[in-house]
Amino acid sequence: MSELGATIKKLGFGLMRLPQKGDVIDVDQVKTMVDLFMDAGFTYFDTAWAYAGSEDAIRQALVERYPRESYQLATKNAAWINCKTKEEARAQFDTSLKQTGAGYFDFYLLHNLGEARTQYFDDYDMWSWVQEKKAEGLIRHVGFSFHSTPEELEEILNTHPEMEFVQLQINYADWENPAVQSRRCYEVARAHNKPVIIMEPVKGGMLATPPESVVKILKAAEPQSSVASWAVRFAADLDGVITVLSGMSSVEQMKDNLSYMKDFHGLSDTQKAVLKQAQEELARIPLIPCTTCNYCAKVCPMNIGISGSFTAMNYLTLYGDKAAAQHQEGWLVGGHGHERASECIQCGKCEEACPQHIAIREQLKKVSSTLLV
């Protein structure tokens, strides 16, 4: 494999969910995790300017303790967070250099492109600016992370073929999920010959504790393997993947990931069949059949975030984690400028527009009584 990242092992240390001691990151535990990771031959670390305390922690745990050429460090620029000028957006890079002490970044990402967020990178001309930083030797490889539709990904890659890689949310639960479209986004990136870094392979921890019927399938196949391991291995088995990021929060999680990824050489046909069975079982769980076409949103007089509300409700049904579902609702609804389900006036225009014939008014009542309390 001659692609970017061919020598990088397929497990990356995601630094968004580091262990805490009280209200601060437990740097001593992070040092232990870094040592285990490096000793096992893994070298890719992923942080971001927007991850509170993470860049500082990795400076102490990694940069100040290992030769610079012995690892790859990635960080990200979130131009859409509280930036009113291009100078403010670009200043994030200098802050990241200072906080990490890394001298340069092996991988630098324009962070969380998609929807209205992309416009900030256009308005501040971040695309040409990162190329300047690359020419200066402060960045080795430039790419972007992405959370939106395959159509929008296609548009960005057509406009910016100079981007060297794409970071995508990919996991076996979201592979055919109409709200995420993991497979289609992955296929767009590969059609453009862009290698992929995978984020959220365990879906923010959800696939470490999937529905019990799914757990039974995975445990019957490999009693000794953790449920989470199936999710990471699914992602690592895909072609053209630089690495799979796991947001590890403890030494125990690190040891588990290393146990099955240290000598990972791909999934067997039998293992692929087990994962297919797990996907089919997830698909059997009764969910609101929303495809996020958002025809309903176009006719709603109250601007209610209907599809976002339903995505969050489906999270609750699948994983039984109310806090995570509420977080999803907050981001997909309020975070995108929509009104909440409780504002529904029961006019019924949405149901007339819905090609899935969902009883939207009734479902919004359930969202209000279940998630918004």
Side-chain angles (χ1 to χ4, degrees), residues 1-17 32-46 62 70-74 106-107 141 165-175 182-183 186-187 189-190 194-210 214-215 217-279:
M1 179 178 168
S2 61
E3 287 184 314
L4 171 64
T7 61
I8 296 173
K9 295 186 77 171
K10 287 291 187 71
L11 178 66
F13 190 172
L15 304 169
M16 187 171 74
R17 302 180 179 93
T32 300
M33 295 167 72
V34 165
D35 292 345
L36 289 167
F37 191 73
M38 293 287 283
D39 288 348
F42 295 93
T43 57
Y44 191 100
F45 296 82
D46 172 86
L62 174 71
S70 66
Y71 58 86
Q72 297 84 36
L73 183 61
D106 301 274
F107 292 78
H141 303 290
F165 65 95
V166 182
Q167 185 162 306
L168 298 173
Q169 176 176 327
I170 293 176
N171 56 69
Y172 72 79
D174 287 331
W175 193 239
S182 282
R183 176 183 58 79
Y186 167 76
E187 290 172 352
R190 297 304 295 145
K194 303 302 180 186
V196 174
I197 295 171
I198 293 179
M199 57 182 162
E200 303 292 355
V202 194
K203 201 171 171 69
M206 297 289 191
L207 295 180
T209 55
V214 175
V215 173
I217 291 168
L218 302 180
K219 282 297 184 181
E222 292 182 8
Q224 77 283 4
S225 298
S226 69
V227 174
S229 75
W230 286 94
V232 176
R233 287 181 287 165
F234 170 86
D237 189 62
L238 295 169
D239 291 334
V241 170
I242 295 174
T243 197
V244 178
L245 301 175
S246 178
M248 292 173 269
S249 304
S250 68
V251 170
E252 291 71 29
Q253 289 177 4
M254 175 65 77
K255 288 180 177 178
D256 180 52
N257 279 342
L258 296 178
S259 71
Y260 59 84
M261 286 301 292
K262 188 173 182 179
D263 297 310
F264 180 75
H265 298 294
L267 293 170
S268 67
D269 288 343
T270 300
Q271 290 169 322
K272 290 177 182 178
V274 171
L275 278 164
K276 181 71 173 174
Q277 191 180 355
Q279 289 173 312

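- Counting only heavy atoms from C-beta outward, the side chains of L267 and L275 approach each other to under 4.5 Å.
- Between L218 and A278, the shortest heavy-atom distance links the atoms CD2-CB, 4.1 Å.
- In this structure, A189 and L168 approach most closely via the heavy-atom pair CB-CD1, 4.2 Å.
- The side-chain heavy atoms of L11 and K9, taken from C-beta on, include no pair separated by under 4.5 Å.
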* Can you check side-chain contact (heavy atoms from CB on, under 4.5 Å) on V274 and E222, steps first, answer last? -> CA-CA 10 Å; V274 171; E222 292 182 8; over 6 Å; no
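- Distance alone, capped at 3.5 Å, is enough to place a donor-acceptor pair between the Q253 side chain and the S249 backbone.
- Partner of Y44 under the ring pair (Phe, Tyr, Trp, His ring centres under 6.0 Å) criterion, out of F165, F107, F13, F37: F107 alone.
- The CD atom of Q72 lies 6.5 Å from the OG1 atom of T7; values are rounded to the nearest 0.5 Å.
- Nearest heavy atom pair, residue L207 against residue P201, reads CD1-O, 3.7 Å.
- The nearest pair of heavy atoms linking Y260 to R233 is CD1-CG, 3.8 Å.
- Interatomic distance, CD1 of I8 versus CG of D106, reported as 7.5 Å (0.5 Å rounding).
- Note that CD1 of I242 is 11.0 Å distant from NZ of K194, once rounded to the nearest 0.5 Å.
- Closest approach of D256 and S226 over heavy atoms only: OD2-OG, 2.8 Å.
- Taking K203 as the reference, D174 meet the salt bridge (charged side-chain N to carboxylate O under 4.0 Å, His left out) condition, with sequence neighbours excluded.
- With rounding to the nearest 0.5 angstrom, the NZ atom of K276 is 14.0 Å from the CG atom of D269.
- Judged purely by atom type and a 3.5 angstrom limit, D46 has no side-chain atom pairing as donor or acceptor with the backbone of A74.
- Using a 4.5 Å heavy-atom threshold, the side chains of K219 and V227 count as touching.
- Here CE of M199 is found 5.0 Å from CD of Q167. Values are rounded to the nearest 0.5 Å.
- For the pair Q279 (side chain) and Y172 (backbone), a donor-acceptor distance under 3.5 Å is present.
- L62 CG to D35 CG: the interatomic distance, rounded to the nearest 0.5 Å, is 9.5 Å.
- The salt bridge (charged side-chain N to carboxylate O under 4.0 Å, His left out) check on R183 picks up E176, E187, with sequence neighbours excluded.
- Listed by first and then second residue, the side chain to side chain donor-acceptor pair (under 3.5 Å) pairs that reach into residues 235-246 are S246-N257, sequence neighbours excluded.
- I198 and I170 get closest at one heavy-atom pair: CG2-O, 3.5 Å.
- In this pair, Y71 and F45 present their aromatic rings perpendicular. The plane angle is above 60°, beyond the 30 to 60° band.
- For the pair I217 and W230, the minimum side-chain heavy-atom distance is 4.5 Å or more.
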